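Quick notes on the structure that follows.
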Amino acid sequence: MDRLGPVRIARFTAGDDPAYGVVGGDLDQFGQPAEDAVVVELSGDPLYAGIQPTQTEHRLSDVRLLAPVIPRSKVVAIGRNYRAHAAELGNDVPEEPLMFLKPNTSVVGPGDQVFYPTQSERLDYEGELAVVIGRICRDVPPEQATDVIFGYTIANDVTVRDFVRNFYRPPVRAKGWDTLCPLGPYLVEGEIADPHQLELRAYVNGELRQRGNTQQLLRGVPELIEFITGFMTLEPGDILLTGTPRGVSHVYPGDVMRLEIDGIGALENAIIAESPGV
Ligand code: MG
């Protein structure tokens with residue numbers, strides 16, 4: 001297969017078991033494939049088997065996209081990694097990376113619905129660059145960080161904000177509620193442009209609410225990988241959320257969140273009221 005430019009990997013279903021595929025065709029200005037794009041099915045899981053195309057091809061419009069990766073063990077997320085975002089919530093910049101985990105049960109895919117928790121009065125979107133780990137790794141020096149990265153995608157670190165500020169409600173609920181980690185639409189392999197030069201925007205119901213650039217990250221991707229792997233093994237398919245820029249705000253049932261990162265794509269999810277007992 002030609003390897004012109006970055007490879008976009010979709011995880012999808014055409015009605016049967018989930019499969020992976022490489023998305024082909026022209027891209028629009030957001031890195032989204034054209035209407036007539038196709039997806040060439042891969043043999044196995046590219047995180048383990050590499051990119052091995054089969055003869056099977058689908059029209060992209062005929063398949064349902066799924067989260068491009070379900071983390072094998074964890075989503076590691078970094079808080080307050082943009083100075084202006086820390087300030088907008090009245091927080092200082094932490095002396096060392098502020099970390100939390102999101103369980104893989106919080107992951108949903110492009111177009112999936114996000115539940116608005118019945119106990120929340122403030123649910124916020126957070127648009128973030130997500131790093132997908134490609135190799136089992138520990139104690140990774142920053143200069144070798146790119147060796148353990150498989151690629152990048154977009155994450156929405158949806159947050160039950162009213163659960164963050166109460167000591168008796170630790171972030172495991174604020175951040176770990178089912179459906180509060182939309183990922184997608186594609187896993188963009190390897191060398192996208194510099195991951196520290198990416199424009200990020202968030203829209204709610206079509207209105208631009210958040211705009212930032214990953215060059216504003218207080219700690220870049222190599223430094224974060226060094227810090228995390230200094231005490232925790234990362235495995236293929238684990239995800240690192242790099243933090244959100246200034247411009248988070250509330251969303252409500254019925255709202256549609258759209259996150260864009262140039263060169264990666266757009267991730268859209270609607271919010272619905274969580275039905276009691278779900
Ligand atoms: Mg966040």
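Keep in mind the model is a prediction, meaning the values are calculated, not measured. We count ligands from 1, going down the list as the structure has it; atoms in each ligand are counted the same way. We're numbering straight along the sequence, starting at 1.
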Check [X] and report its N/O/S atom nearest to the Mg ion (ligand 1), by atom name.
X	value
Glu128	OE2
Asp157	OD2
Glu126	OE1

message = As a test of understanding, state which of Thr244, Leu217, Val93, Thr214 forms a side chain to side chain contact (heavy atoms under 4.5 Å, CB included) with Asn81.
response =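 It is Leu217; the other options fail the test.
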ask   = Do the ring planes of His58 and Phe12 sit parallel (below 30°), tilted (30 to 60°) or perpendicular (above 60°)?
value =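 Answer is perpendicular, since the angle exceeds 60°.
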inquiry  = Do Val131 and Val140 sit in one hydrophobic cluster, given that two such residues count as connected whenever their side-chain heavy atoms are within less than 4.5 Å of each other, even indirectly?
reply    =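 Yes: a chain of side-chain contacts under 4.5 Å links Val131 to Val140.
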ask   = Do Ser120 and Asp162 meet the criterion of a side-chain donor-acceptor pair at a distance under 3.5 Å?
value =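 Yes, because at least one side-chain N or O of Ser120 sits under 3.5 Å from a partner of the opposite role on Asp162.
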